[in-house]
Structure formats: C-alpha cells, structure tokens
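I have placed the structure first, in the form of structure tokens, so that the comments after it can refer back to it.
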Amino acid sequence: MLNGLHALDWSLVQAFLAVAKHGSLSAAARASGASQPTLGRQIKAIETRLGVSLFTRQAKGFVLTEAGQAILPAATAMADAATKFATAAAGRDMSISGTVRLTASVFVSQYILPRIISNIRKCHPDIQIELNATDEADNLLFREADIALRMFQPTQLEVITRKLGVLELGFFASRDYVERRGAPTNINELMQHDLLGYDRSERFIRGAAEFGWKLTREDFVFRCDQQTIHSEMIRTGCGIGILQKGIADEMRLVPILPVFPMPGLEVWLTTHEALRHTPRVSAVWKLLDEGLAPWLSQDDGIPIMNKPTPT
C-alpha cells in the first residue's frame, strides 16, 4: 500500500470520500459535480495504487470494505485539513470581487432571496453569487457554503451567527376557497375543512400537539414535504395550509384564525469565522441582513451576534 502513496493525488482521495459518504457513484456524482464515469475511474485508480479493494460493489451501491473503513478516518482528516487551508487563504482575500456561495431553504431561495440577490448584483457587479437551495444543512466548516441562512441556531464552534428575527407563520387559504367553503372561526370548524399537511415529516402534527390539537396524517387531504408546493396548493385553492405571512400577503391570500398562537421560524445568518471580514463576504452579509429585515419580526428586540456555546 505504501508504494502507491507516491502516486496518490488529492482528487482520488476526494472521490473515495464522496462515494463513501453517498454510497453510490450516481449519488456521489450529483453531490460533487463530477461525472459518474470519472468517479468510477478514480475509485479504480486509488484501489490500484493502494493495492487494496476499498469498496464492495453491491446492487444497492458501494459498501466500504474493511480496508476502506480503516483509511476513512485518515482521508476525512486530510479533507478537514485541506478545507482549513483553503478557508484560511480565502479569509486573507481582500478583493471585493469573486464568488460568494450561499445556502438557504428551497422556500426562502424561491420566494425571498431573488430580489435580495438581484440587489446584491446591482450594488456589487463584480461579486458572483452561487445559491444552493436545499433543506439540508450544508457544512460551513467544509466550505460547502460561505454564508448560510438557517431556521435554527447553528452550534458549530468555528462559525459566527446572527439572529435576524422571526418569519411569522399563519393559516391561509385562497379567496376562491373561502368563497366556496367559508372561513372557520375556531379550531373545531377548521378540522371540518380541507387541511394541507406533510407526508413523511411530522412537524405539523408535533406542533399541533403542543397546543393540545390532536392530528394524524389522515386529517390532511393533501400531503407533501416540500413547502414551495404547499404555497402553490394554497394559492390555487386546494385547501387551508400554513404559510409565511409576508408571502401570503403578496399572494393576496386570506388569513385563517389570525389570532391563533402560531410559532414562527427563527432566521439565523451564519458564516465561518475566518471569512466574516473578507470584503466580498462582508458585503453580501450586510445586504442579506438589510434585505431580509422587511420579512422578519423581532420577537426579542435587538438581534444577537455571537459565537454559539458548545454543546
């Protein structure tokens, strides 16, 4: 195995880590941006150079062999070191130009960020924006994003995070639906209406239980875990669902039970501490902060800038 180390390049280690993480060439290709044939050749190359089989090929994907499991911690440590190397270098870049990679939920990316990003481009035409619209939490420590918009407080030790405020939520329906079915005036009446809920996610059901409202999946006439789909189903008159108030106002939807004590979603702006004062990251951070302000309420006064307490 040692003889192969002299010819082992970093791209082969990256390919190994991608396949080990995602379990198949196709999934690793989608995540890394590399082609599936390229990853296949790289896996074959690293196994040849190390002189061991790192994966067992099965119908459902790639499974690490004993040798693969043995080298995984060292490969992960190499990736961590490479990321810290790149982050430290990026933090020294004083240019106002370049690329800033953002990550945010699909809903926020579709309905809130487009105008904010357009304003960033107007103010800083030399800054290029990459947006990863995903409901998964990208890892800032591994530079999967430079700035993240989170609906929870990050707890990683090497990030700076600022609570911007709260996205207010409520029940809404289209005018067409209300004209057809009327508007409920209490929870009991609401239960007689067409409710839009989630499929695999139980967050609606758990949230309702906190208020003593017992729901099951069967209480929803439509079930989908994608919030952007929910907003369109509400807009087109399918039923009553939960939506962010600012978006509902823009869609001219009808508020249902507006005094119902609906908890909101906290919004946190986060970046790696080594990048916070890089000019292009700082400029985008500032405009994101300003652009999101009209969408948010302040439930506890002044937003907080802090490094999270380790857990």
Side-chain angles (χ1 to χ4, degrees), residues 100-123 127-138 145-154 161-178 195-201 203-204 207 220 222-258 260 262-271 284-299 303:
V100 176
R101 183 170 176 82
L102 310 177
T103 183
S105 71
V106 175
F107 182 86
V108 169
S109 297
Q110 179 170 332
Y111 288 108
I112 297 178
L113 286 185
R115 277 171 285 185
I116 298 175
I117 292 174
S118 294
N119 184 52
I120 292 172
R121 291 285 304 127
K122 292 174 186 175
C123 295
I127 294 179
Q128 301 168 359
I129 300 295
E130 293 178 352
L131 175 61
N132 184 22
T134 177
D135 293 326
E136 296 182 3
D138 283 6
D146 299 312
I147 300 176
L149 280 173
R150 302 283 199 232
M151 301 303 172
F152 57 88
Q153 182 179 10
T161 185
R162 175 185 173 94
K163 183 179 178 182
L164 302 185
V166 176
L167 279 174
E168 295 185 75
L169 303 176
F171 290 111
F172 292 92
S174 70
R175 296 187 184 280
D176 171 70
Y177 179 88
V178 172
L195 297 181
L196 312 182
Y198 298 104
D199 181 18
R200 292 181 296 273
S201 172
R203 53 184 173 175
F204 192 160
F220 304 124
F222 173 81
R223 296 183 285 270
C224 178
D225 289 329
Q226 179 52 261
Q227 188 60 45
T228 55
I229 302 298
H230 271 269
S231 64
E232 291 304 302
M233 298 303 292
I234 297 171
R235 185 181 65 81
T236 55
C238 183
I240 297 174
I242 295 175
L243 191 58
Q244 196 272 326
K245 289 186 177 181
I247 299 300
D249 290 343
E250 289 198 344
M251 291 182 174
R252 299 184 178 181
L253 298 175
V254 179
I256 304 296
L257 303 182
F260 186 83
M262 180 77 68
L265 294 174
E266 293 185 347
V267 178
W268 297 80
L269 197 59
T270 307
T271 188
V284 171
W285 175 289
K286 178 176 182 294
L287 291 175
L288 283 170
D289 190 349
E290 294 174 355
L292 287 162
W295 297 92
L296 305 174
S297 66
Q298 299 299 328
D299 64 331

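Index from 1, following the sequence.
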Query raised in the report: Going through the checks in order, is the salt bridge (Lys or Arg N to Asp or Glu O under 4.0 Å) test met by Glu250 and Arg115?
Result: CA-CA 14 Å; Glu250 289 198 344; Arg115 277 171 285 185; 3.0 Å; yes
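- When the options Thr161, Thr103, Asp146 are evaluated for a side-chain hydrogen bond (donor to acceptor under 3.5 Å, both in side chains) with Thr270, the one that passes is Thr161.
- Between Tyr198 and His230, the distance from one ring center to the other falls under 6.0 angstrom.
- When all heavy atoms of Gly291 and Pro294 are compared, the closest pair comes out as O-CD, 3.3 Å.
- Using a 4.5 Å cut-off on side-chain heavy atoms (C-beta onward), Leu102 and Val284 make contact.
- When all heavy atoms of Leu287 and Ile116 are compared, the closest pair comes out as O-CG2, 3.8 Å.
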Report task. Go through the steps for Leu296 and Val166 under the test side chain to side chain contact (heavy atoms under 4.5 Å, CB included), then give the verdict. Result -> CA-CA 5 Å; Leu296 305 174; Val166 176; 6.0 Å; no
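- To the nearest 0.5 Å, the span separating CH2 on Trp295 from CG on Leu113 amounts to 10.0 Å.
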Report task. Show the numbers, then the answer: is there a side chain to side chain contact (heavy atoms under 4.5 Å, CB included) between Arg162 and Asp289? Result -> CA-CA 9 Å; Arg162 175 185 173 94; Asp289 190 349; 3.0 Å; yes
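- Put simply, the side chain of Asp225 gets close to the backbone of Asp199: a donor and an acceptor are under 3.5 Å apart.
- Two residues are said to be in side-chain contact when any heavy atoms from C-beta on lie closer than 4.5 Å; Lys163 and Glu266 meet this criterion.
- Residues Arg150 and Val267 are not in side-chain contact: their nearest non-hydrogen atoms beyond the backbone lie 4.5 Å or more apart.
- You'll find the side chain of Met251 reaches within 4.5 Å of the side chain of Glu232, heavy atoms only.
- If you take CZ on Phe172 and NZ on Lys245, they are separated by 6.0 Å, rounding to the nearest 0.5 Å.
- Counting all heavy atoms, side chain and backbone alike, Met151 lies closest to Val108 at CE-CG2, 3.2 Å.
- With rounding to the nearest 0.5 Å, the separation of CD in Glu290 from SG in Cys123 is 8.5 Å.
- The side chain to side chain donor-acceptor pair (under 3.5 Å) check on Asp176 picks up Arg180, with sequence neighbours excluded.
- When atom types are taken as modelled, the side chain of Gln244 and the backbone of Ile247 share a donor-acceptor pair closer than 3.5 angstrom.
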Report task. Test side chain to side chain contact (heavy atoms under 4.5 Å, CB included) on Ile229 and Phe222 and set out the steps. Result -> CA-CA 11 Å; Ile229 302 298; Phe222 173 81; 3.9 Å; yes
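- A donor-acceptor contact shorter than 3.5 Å links the side chain of Gln227 to the backbone of Ile242.
- Contact record, Asp135 with Ser105: OD1-CB, 3.4 Å, taken as the closest heavy-atom pair.
- Here Asp249 contributes atom CG and Glu168 contributes atom CD; the two are 9.5 Å apart, rounded to the nearest 0.5 Å.
- In this view, Val254 and Arg175, Val178, Ile256 satisfy the side-chain contact (heavy atoms from CB on, under 4.5 Å) rule, not counting sequence neighbours.
- With rounding to the nearest 0.5 Å, the separation of CZ in Phe171 from CE in Met262 is 3.5 Å.
- Residues Ser174 and Ile234 share a closest heavy-atom pair of CB-O, 3.4 Å.
- The shortest non-hydrogen separation linking Leu196 to Cys238 is CD2-SG, 3.8 Å.
- Atom CD1 of residue Ile117 and atom NZ of residue Lys122 lie 13.0 Å apart, to the nearest 0.5 angstrom.
- For the pair Val100 and Ile120, the minimum side-chain heavy-atom distance is 4.5 Å or more.
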Query raised in the report: Step by step, would you call Trp268 with Leu164 a side chain to side chain contact (heavy atoms under 4.5 Å, CB included)?
Result: CA-CA 6 Å; Trp268 297 80; Leu164 302 185; over 6 Å; no
**Report entry** Tyr111 and Thr228: CA distance, side-chain angles, deciding distance, side chain to side chain donor-acceptor pair (under 3.5 Å) verdict
**Finding:** CA-CA 8 Å; Tyr111 288 108; Thr228 55; 6.0 Å; no
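- Under a 3.5 Å cut-off, the side chain of Arg223 and the backbone N or O of Phe220 do form a donor-acceptor pair.
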